[in-house]
Amino acid sequence: MTDFAALLQPDRGQPARTIEVVRPEDYGAWLAGQPPRTRALLAAAQVTGKAGNRAILPGDDPEQWSALLVCDEPESSPWRIASQSEILPEGAYRLKSGPLGAAGLGWLLGQHRFERYKKADAQGPRVLLTGEPARIEETVRLAAAVAKVRDLVNLGASDLGPAELEDEAEALAARHGATLTVTRGDALAQGYPMIHAVGAAATRERAPRLIELEWGAADAPRVAIIGKGVCFDSGGLDLKPSSAMRLMKKDMGGAAHALALAELVMAAGLKLRLHLLVPAVENAVSSAAFRPGDVLRTRAGLTVENTNTDAEGRLILGDALTKAGEAKPALILDFATLTGAARVALGPDLPATFANDETLAAALLAAGEAVHDPLWRLPLWRGYDEMLKSDIADMVNAPDGGFAGSITAALFLQRFVPAGTPWAHLDTFAWRPTPKPARPKGGEALGLRAAWEVLKARFG
């Protein structure tokens with residue numbers, strides 16, 4: 001893991017080059033105040049004041065050059081100077097003027113590389129100095145959490161199965177003095193029949209399990225964080241086409257978000273009783289695979305007619321939600337790479353957000369806007385509940401026809417949430433298909449920072 005703490009340091013007046021950030025609408029006035037040599041250099045470099053323009057500005061001493069960035073990102077954006085941390089040479093830097101704000105996060109993440117399978121080109125550290133030392137610890141924690149999600153999602157499924165997710169949770173528990181419980185085998189089949197059914201076709205070393213972590217004072221408000229841990233999704237007997245299977249290593253992206261959020265909670269010492277639940281499975285194909293038409297029993301006592309083995313994520317989450325609700329939590333948050341329908345509706349950047357509580361929904365949306373981790377609310381539309389009707393069971397897992405796929409999936413999950421318990425479900429993509437500064441193509445944390453802001457505000 002990148003040593004983020006070494007890349008963001010208090011500014012005590014030590015030598016450093018400056019980074020000057022100019023908004024496009026201010027560029028003309030800024031340029032007019034520059035010496036002729038600088039204006040000539042910028043003209044030769046075809047710097048026009050368009051957002052994204054960059055240049056190196058000479059100083060009186062050749063070693064004292066500074067960096068110019070034309071940027072239209074607001075001061076509140078973590079990505080405002082992210083591109084600079086990727087391209088500037090090794091050394092120490094500070095902003096010429098104005099607060100650093102959230103921009104330290106982008107600076108740190110711009111220097112993180114996933115190197116499990118391929119080493120990146122060697123680059124020296126670019127250290128950012130800040131006059132806001134109180135922000136450093138929080139920024140470093142956030143960068144580590146985002147990087148953890150990215151790294152876990154980027155791992156090939158051959159290196160990240162249910163057992164490896166358990167290892168991640170075990171290491172997390174050890175770091176923070178939490179209690180880890182793992183249910184597998186016959187106990188899983190009896191207590192969590194949907195988790196067992198979905199993972200039954202996997203090999204013995206990739207057997208399904210429910211991973212649980214508990215931390216915090218027993219009398220504190222309970223908060224359950226749940227993450228979908230489908231470590232690879234073949235689609236089961238309703239086999240996905242190869243094009244749709246290509247990225248299914250990322251189907252444990254919800255679990256990655258949940259693990260990272262749990263670490264943020266424990267590292268900050270929030271005043272809550274944390275209950276982390278990760279149902280971890282591989283949706284494989286074998287003679288033991290669950291079948292279309294099977295009627296599955298659930299921990300909640302309901303029956304589910306399985307209409308599609310590729311709608312497996314909601315099944316394992318249903319049992320996990322039931323377990324979480326048994327402890328009467330004050331709040332439940334779940335993260336899942338659940339439906340393609342959410343991506344068709346909202347694209348890769350916006351997690352579809354469902355909530356049964358208006359206050360919670362408003363807090364999540366406001367937090368996402370404030371920290372530039374946007375969410376988009378979709379309705380738990382009661383009119384679509386009838387789509388989940390079954391002729392032979394209490395419900396189906398996936399209605400025929402495909403209409404409102406992300407909404408009907410959320411309505412399915414809601415049936416396992418105790419009445420009156422505030423709950424939010426984030427249907428996140430956990431992947432970035434197109435790179436941006438400090439946000440490379442690959443695994444991505446989407447909705448993590450918004451959820452963290454809500455928990456921090458309520459329990460900090």
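Below, all heavy atoms of this structure are taken into account, side chains as well, without hydrogens, waters or symmetry copies. Worth saying up front: this structure is predicted, and the values here are computed from it rather than measured.
Between the Thr303 side chain and the Arg297 main chain, no donor and acceptor come within less than 3.5 Å of each other. A donor-acceptor pair under 3.5 Å links the side-chain atoms of Thr309 to the main chain of Leu237, judged by distance alone. Side chain of Gln84 to main chain of Arg80: no donor-acceptor pair is present (N/O by atom type, distance under 3.5 Å, no hydrogens or angles).
Within the structure, side-chain hydrogen bond (donor to acceptor under 3.5 Å, both in side chains) contacts touching residues 444-460 (residues at least two apart or in different chains) are Glu138-Trp452, Glu138-Lys456, Arg150-Glu444, Arg432-Glu444, Glu453-Lys456.
A heavy-atom distance below 4.5 Å is not found between the side chains of Lys119 and Arg113. Side-chain contact check for Asp349 versus Pro374: every heavy-atom pair is 4.5 Å or farther apart. Contact check for Pro10 versus Thr130: no side-chain heavy atoms found under the 4.5 Å cut-off.
In this structure, Arg439 satisfies the cation-pi test against Trp79, with its NZ or CZ atom closer than 6.0 Å to the six-membered ring centre and inside 45 degrees of the ring normal.
A salt bridge between Arg116 and Asp151 is absent, with no side-chain N of the basic residue lying under 4.0 Å from a carboxylate O of the acidic one. Salt-bridge formation is not detected for the pair Asp219/Arg273: no Lys NZ or Arg NE/NH1/NH2 atom is positioned less than 4.0 Å from an Asp or Glu carboxylate oxygen. Note on Arg94 versus Asp11: salt bridge recorded, some NZ/NE/NH1/NH2 to OD/OE distance being below 4.0 Å. Using a cut-off of 4.0 Å between Lys/Arg side-chain N and Asp/Glu carboxylate O, Lys323 and Glu212 are scored as salt-bridged. Salt bridge annotation for Glu168-Lys148: present, with a cationic side-chain nitrogen under 4.0 angstrom from a carboxylate oxygen. Look at Asp233 and Lys249 and you find no salt bridge, because none of the NZ, NE, NH1 or NH2 atoms lies under 4.0 Å from a carboxylate O. A salt bridge links Arg209 to Glu166: at least one charged side-chain nitrogen sits closer than 4.0 Å to a carboxylate oxygen.
A donor atom on one side chain and an acceptor atom on the other are found under 3.5 Å apart for Asp159 and Tyr117. A side-chain donor-acceptor contact under 3.5 Å links Asn397 and Thr307.
The one candidate from Leu259, Val223, Val265 that meets the side chain to side chain contact (heavy atoms under 4.5 Å, CB included) condition with Leu276 is Leu259.
Atom CG in Asn283 sits 9.0 Å away from atom CD1 in Ile316 (nearest 0.5 Å).
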